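Computed from a predicted structure; not experimentally measured. Order of appearance sets the numbers: ligands from 1, and atoms from 1 within every ligand.
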Amino acid sequence: MILMGDTTALAQAHDKKDDEKSKDELVEELTLLSNNYNDVISRHNNDNVERKRAEEELQRANRALKALSKCKEAMIRAEDEPSLLNDICTIVVDVGGYRLAWIGYIESDEMRTVRPVARAGYDEGYVDNLKIALNDPIRGNGPTGISLKTGKPYGSRDVESDVVMQPWRLDAIKRGYISTLNLPIMYEKQILGALVIYSGRPGAFDEEELELLWDLAENLAYGIATIRDRVRRDQVEKELQRAKEELEVRVEERTEELKLAKAQAELYLDLLSHDINNMLQVALGYLELAQDMLELDHGEKELITRPYETLLKSSRLIDNVRKLQKSNTGEIKEQIMDLEQVLSNVISEYEGLPDKYIHERYKANGRCPVKANLLINDVFSNLIGNAIKHPNGDNVDISINLDTVRDNGYQYYKVSIEDNGPGIPDDMKDRIFYRAQRGLTNANGMGLGLYLVKSLVDSYNGKVWVEDRVNGDHTKGSRFVVMLPAIEN
Ligand code: ADP
């Protein structure tokens with residue numbers, strides 16, 4: 001606009017006839033025209049300077065923006081922390097067009113030294129000579145120190161005149177660093193270190209450029225944290241894998257040891273169940289012979305019956321151990337068995353004993369199929385045998401019941417064996433089913449009979465317990481109850 005107005009004045013002056021004007025008038029006009037011309041040229045020049053400056057600022061912001069986007073790419077690619085830090089410094093210098101960039105981490109030593117961990121650009125020993133430590137009263141209060149202590153960017157747009165640059169000023173000027181920007185690298189309120197950038201141009205780092213570089217430093221902090229998380233996760237995974245491998249080796253070793261121990265235990269058990277039991281049978285045979293052949297009085301007979309009964313108990317104990325082992329190893333295959341038939345067979349073994357009465361209080365109502373194995377006979381012969389073994393007076397009266405019941409929606413066969421023996425006190429009712437728990441009657445044994453009963457019933461998915469025959473008075477005898485799941489059609 002200004003240029004247009006000046007051209008019109010010049011034309012009007014030119015239109016006035018030369019011969020109508022005095023010499024002075026002409027000189028005046030020429031001076032005016034010349035002044036106007038100079039004015040126009042100077043304004044035009046000023047406009048150019050302004051435009052150039054704006055262009056430069058725009059260019060710088062563009063380069064910073066490009067550097068920011070390249071840094072984001074580098075963070076995605078980054079494999080480890082040191083190479084990420086070096087890549088960032090290189091991009092800041094090469095793409096951002098700065099003279100030098102370096103990154104320093106705050107050490108946890110007493111002086112809180114700032115250790116340079118990456119750098120790129122024109123350095124010439126500058127970074128190694130910085131020797132910044134936050135607890136140093138002078139070198140801890142320069143641009144980097146201020147930025148790290150405040151957690152805010154610190155810019156020096158003129159290194160030469162900034163007093164806080166004093167310890168490094170000469171070195172910086174020698175290397176052509178005119179302005180500097182210090183950006184703290186912060187993650188979750190913790191300051192890890194700083195990204196420091198130097199420019200060879202005066203007045204660099206205007207508002208827009210600063211904002212972009214600040215954004216870059218924030219992204220860098222996030223990138224570092226991501227890599228550290230990944231490294232930690234990898235480490236935990238590696239440790240877990242190592243622990244798993246160690247455990248596998250130990251399990252393998254232990255399994256071998258256990259196999260050996262098992263083979264040895266089986267060998268001993270075989271020795272007991274076959275060889276020792278054979279010897280016991282021989283001894284029992286001789287004692288029976290002695291009882292039959294020798295004419296002994298009552299007292300002398302006792303001398304034979306006592307060892308005879310003891311040897312018989314040992315033989316039964318060995319039998320039970322063998323059976324338990326067979327049941328545990330699944331050596332005896334499961335099959336469908338008729339519970340009613342099992343009971344009849346077992347009861348028949350005890351029939352005809354003097355003063356022992358066994359009443360079967362159930363009607364044969366056809367088959368009662370259960371899933372068990374041949375050892376099921378031992379369950380009932382132990383329970384009936386115990387009722388006979390533990391009398392209360394001369395007569396033994398045993399009642400056996402068999403019912404069908406439902407429990408939790410499933411059908412069971414419930415066998416109860418009642419006796420008129422001394423009964424089991426409440427505090428013993430559970431314990432007698434466990435190994436090495438002794439009862440209170442005189443005929444205390446090894447406690448393995450009921451342990452075998454419980455182990456077998458458990459393995460058939462059934463239940464066994466004892467209760468008072470007369471509720472609340474255990475001295476009137478016991479009722480052993482066995483429940484076995486029925487096989488339903
Ligand atoms: P054992 O085979 O040595 O007889 P059990 O495991 O069969 O051992 O029984 C454990 C203890 O429970 C017995 O020693 C006895 O005191 C007691 N007991 C078992 N059945 C009866 C019963 N019907 N009446 C009274 N006491 C019993």
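Proximity of the aromatic rings of Y198 and Y122 is defined here by a centroid distance below 6.0 angstrom, and this criterion is not met. For an aromatic pair to be called close, the ring centres must be under 6.0 Å apart, and F205 with Y154 fails this.
The residue L383 has no part lying near ligand 1, judged by heavy-atom distances below 4.0 Å.
Between V370 and Y460, the closest side-chain pair of non-hydrogen atoms is not below 4.5 Å.
Assignment of F480 to the shell around ligand 1 is supported, since a heavy atom sits closer than 4.0 Å. Residue contact annotation: I432 has a non-hydrogen atom under 4.0 Å from ligand 1. Residue-ligand proximity: K389 is placed with a non-hydrogen atom under 4.0 Å from ligand 1. For S478, the heavy-atom gap to ligand 1 drops under 4.0 angstrom.
For ligand 1, the polar-atom distance check against D419 finds a nitrogen or oxygen pair separated by under 3.5 Å. Residue R316 has no nitrogen or oxygen atom sitting less than 3.5 Å from a nitrogen or oxygen atom of ligand 1, judged on distance alone. For ligand 1, none of its N or O atoms has an N or O atom of P422 under 3.5 Å away.
In the candidate list L452, I424, L448, I424 is nearest to atom 17 (C) of ligand 1, counting heavy atoms. For atom 6 (O) of ligand 1, the choice among L450, L317, I384 with the nearest heavy atom turns out to be L450.
Environment of NZ in K356: crowded, with over 12 heavy atoms of neighbouring residues, nucleotides or ligands closer than 6.0 Å.
Of the options I400, V415, I347, a side chain to side chain contact (heavy atoms under 4.5 Å, CB included) to F380 is made by V415 and by none of the others.
Ionic pairing of E237 and R233 is not present here: no N-O contact between side-chain nitrogen and carboxylate oxygen is shorter than 4.0 angstrom.
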Could you please spell out the steps behind the side-chain hydrogen bond (donor to acceptor under 3.5 Å, both in side chains) verdict for D94 and T90? CA-CA 6 Å; D94 291 354; T90 308; 5.6 Å; no
